[in-house]
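Keep in mind that this is a model prediction, so the values were computed, not measured.
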Amino acid sequence: MSADTTEPRYWWNWRFCLCAIWVLASMIAASILIWKYEGHDGERSQREAENQRSPVGTLYADEAWRPCLKQLHPAWLLAFRVLAFSLLSALLAIYVVVDGRGVFYYYTQWTFTLVTLYFGLGSLLSVYGCYQYVNKVGGAKVNHTRLDHEQGECIAHTDVGNSNARSMKKCSVSQEEHSDREIAGFWGYLFQIIYQTNAGAVMLTDCVFWLVLFPFLTMKKYDLNFFLVGMHSVNAVFLLVDTFLNQLRFPWFRISYFLLWTSIYVIFQWIVHACVPVWWPYPFLDLSSNHAPLWYLLLAVLHAPCYAIFSFVIKLKHFLLSRWFPQSYQCLK
C-alpha cells in the first residue's frame, strides 16, 4: 500500500474527482443507451405494432435455447450448457476452497462467476426449450395431414396464375414466421444481457492477462498455477463455443451493460477502500498516483475494442456458417 485509503485526503483531491467523472460519465452514457433502445415492455410492444421490422434489441423466446442450425436438436445445446455450468462451478468452488472468499476481490472472479451464472440460466432455458420443441414437433405431426389439406384448398380456390400463387406462398410463410415467434420475457432478456456483458468482460480480463500481465509475470519467473490459467482461459473457450452454437444476436448498444458492470466493480472497490485500509487488487486503480486519471480513462476506452473483438467473432460466425450451411443456418444478424 502506498497510502492510507481511509484518510479523507486520499479522496478529496483532483485525481479522485477526475476518475469519478470518467466513471459517472460511463454510467450516464450507458443509462441513456438502455433507456433509448430497451425501453419498457409496453413501449417495445408498441414499436413492434407500428413497424413491420422488429426494433433493435428485440429477442424472440426461442433464440435463447434454439441452436443456430436447423438440423441441430436443442438437446445438444442443453448438454453443452450443462457441461459448461458443471465444470465452471466446480472450478470456481475449488478455487474458493483453496484461496478463500478473498478471490471475489478481483474483477476476474466477478466475471467468471457471471459466466457461470450465464450457463446455469442457459441450462434452465434450454430445458424449457427442449420441452417446447418436443411438444411442438409432436403437435406438428398430429396436424400435418389437416394443414396440408387446408393449404391445398387455399391454393385451389386462388388459381389465378403462377405469379399469384407464389405471392400467396411467400406472404403465408412471412406471416407464419412473425406470428408464431413469441417475444422473450424477463428471463430471456436477462439471459441476453448477461451474455453480452460476459462478451466484453471476458475479452477485457483475458486480453489484459495474456497480452499485458502474462509477459510481465514470465519475465519475473512467476509461477503460474492451474487456477490462474484456468480463470483466464476456460471461461472464454466455453463462451465462444456457446456463441457458435446459439442464435443470440449481438446489438452494439448493449455495451452499456458491460460499462455498468465494470463501473459497479470500481465503485465497489472505492467503498471497500474508503472503509478498510487494504491493498488494491489492480495497481492502476490506486488513486494515489498522479497517473490514476489517465489509467481510468484508458480503462474506459478499452471497453470499445474489447467489445468489438467479440462483435467480430459474431460476424465471423455469420460469414462461415452461412457459407458452410446455407440451408440450415437460421441466425438473424
Side-chain angles (χ1 to χ4, degrees), residues 38 41 44-45 54 57-96 109-144 176-199 201-202 230 234-251 254 257 261 310 313-314 317 321 325 328-332:
E38 295 284 15
D41 292 338
R44 188 185 299 116
S45 300
S54 299
T58 298
L59 178 70
Y60 293 105
D62 61 346
E63 289 180 328
W65 53 265
R66 193 183 293 274
C68 62
L69 300 178
K70 293 179 182 178
Q71 284 81 359
L72 198 62
H73 196 283
W76 287 103
L77 184 57
L78 168 62
F80 171 75
R81 286 175 172 172
V82 170
L83 174 64
F85 175 70
S86 301
L87 292 179
L88 292 175
S89 299
L91 182 61
L92 184 61
I94 295 173
Y95 196 27
V96 172
Q109 277 65 47
W110 278 42
T111 301
F112 195 93
T113 303
L114 191 65
V115 174
T116 305
L117 291 175
Y118 165 79
F119 282 107
L121 180 57
S123 299
L124 295 176
L125 292 175
S126 289
V127 169
Y128 170 78
C130 286
Y131 174 78
Q132 293 288 100
Y133 181 83
V134 171
N135 287 344
K136 185 176 181 181
V137 171
K141 289 181 179 178
V142 172
N143 298 320
H144 187 271
E176 182 181 358
E177 288 178 352
H178 286 84
S179 61
D180 288 349
R181 302 196 73 182
E182 178 187 358
I183 300 298
F186 170 79
W187 295 109
Y189 274 99
L190 177 63
F191 182 66
Q192 172 78 37
I193 290 170
I194 295 176
Y195 170 66
Q196 295 197 238
T197 304
N198 281 327
V202 167
V234 176
N235 54 355
V237 172
F238 280 129
L239 192 63
L240 289 174
V241 173
D242 188 84
T243 296
F244 273 83
L245 289 176
N246 68 41
Q247 59 171 286
L248 293 173
R249 283 173 277 181
F250 202 79
R254 287 202 175 105
Y257 295 102
W261 176 254
F310 210 93
V313 172
I314 299 292
K317 166 194 170 181
L321 295 186
F325 309 97
S328 178
Y329 190 61
Q330 56 184 353
C331 276
L332 294 175

Gln330/Phe325 under side chain to side chain contact (heavy atoms under 4.5 Å, CB included): CA gap, chis, key distance, verdict: CA-CA 9 Å; Gln330 56 184 353; Phe325 309 97; over 6 Å; no
Worked check of side chain to side chain contact (heavy atoms under 4.5 Å, CB included) between Ile314 and Thr243: CA-CA 8 Å; Ile314 299 292; Thr243 296; 3.3 Å; yes
Kindly determine whether Val313 and Leu240 satisfy side chain to side chain contact (heavy atoms under 4.5 Å, CB included), including the steps that lead there. CA-CA 8 Å; Val313 172; Leu240 289 174; 3.9 Å; yes
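Glu38 and Tyr257 form a side-chain donor-acceptor contact under 3.5 Å, judged by distance and modelled atom types alone. Thr197 and Tyr118 share no donor-acceptor pair across their side chains, judged by distance under 3.5 Å alone.
With a 4.5 Å cut-off on side-chain heavy atoms, Asn246 and Trp65 do not count as touching. You'll find the side chain of Leu248 reaches within 4.5 Å of the side chain of Phe191, heavy atoms only. Counting only heavy atoms from C-beta outward, the side chains of Val127 and Tyr131 never approach each other to under 4.5 Å. Contact annotation: the side chain of Trp187 never approaches that of Gln192 to less than 4.5 Å [non-hydrogen atoms, C-beta and beyond]. At least one side-chain heavy atom of Phe310 sits under 4.5 Å from a side-chain heavy atom of Tyr195. Between Gln109 and Tyr95 there is a side-chain heavy-atom pair separated by less than 4.5 Å. Between Val202 and Phe238 there is no side-chain heavy-atom pair separated by less than 4.5 Å. Residues Asp62 and Tyr133 are not in side-chain contact: their nearest non-hydrogen atoms beyond the backbone lie 4.5 Å or more apart.
Taking CG from Leu92 and CG from Asn235, the interatomic distance works out to 10.5 Å, rounded to the nearest 0.5 Å. Between the CG atom in Leu245 and the CZ atom in Arg66 there is a gap of 14.5 Å [rounded to 0.5 Å]. Remark: Gln132 CD to Glu182 CD distance equals 8.0 Å, nearest 0.5 Å. Annotation: the span from Cys130 atom SG to Leu125 atom CG amounts to 11.0 Å, rounded to 0.5 Å.
Applying the salt bridge (Lys or Arg N to Asp or Glu O under 4.0 Å) test to pairs two or more places apart or on separate chains, those with a residue in residues 79-95 are Arg81-Asp242. Residue pairs meeting the salt bridge (Lys or Arg N to Asp or Glu O under 4.0 Å) criterion with at least one partner in residues 117-129, sequence neighbours excluded, are absent. Residue pairs meeting the salt bridge (Lys or Arg N to Asp or Glu O under 4.0 Å) criterion with at least one partner in residues 111-123, sequence neighbours excluded, do not occur; the list is empty. The list of salt bridge (Lys or Arg N to Asp or Glu O under 4.0 Å) pairs with a residue in residues 115-127, not counting sequence neighbours, is empty.
When all heavy atoms are compared, the tightest approach of Tyr189 to Ala184 is CE1-O, 3.2 Å.
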N/O donor to acceptor pairs below 3.5 angstrom from side-chain atoms of residues 69-77, sequence neighbours left out:
unit_1, atom_1, unit_2, atom_2, d
Gln71, OE1, Ser328, OG, 2.2
His73, ND1, Ala75, N, 2.9

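Exactly one residue among Leu83, Val82, Leu88 makes a side-chain contact (heavy atoms from CB on, under 4.5 Å) with Ser86. That residue is Val82. For the side-chain contact (heavy atoms from CB on, under 4.5 Å) with Asn198, the qualifying choice from Ile193, Val115, Leu117 is Val115, the only one to do so.
Annotation for Phe244: atom CZ counts as buried by contact number, over 12 foreign heavy atoms lying within 6.0 Å.
Applying the side-chain contact (heavy atoms from CB on, under 4.5 Å) test to Ala201 and every residue at least two apart in sequence or in another chain returns Tyr107, Thr111, Phe258, Trp261.
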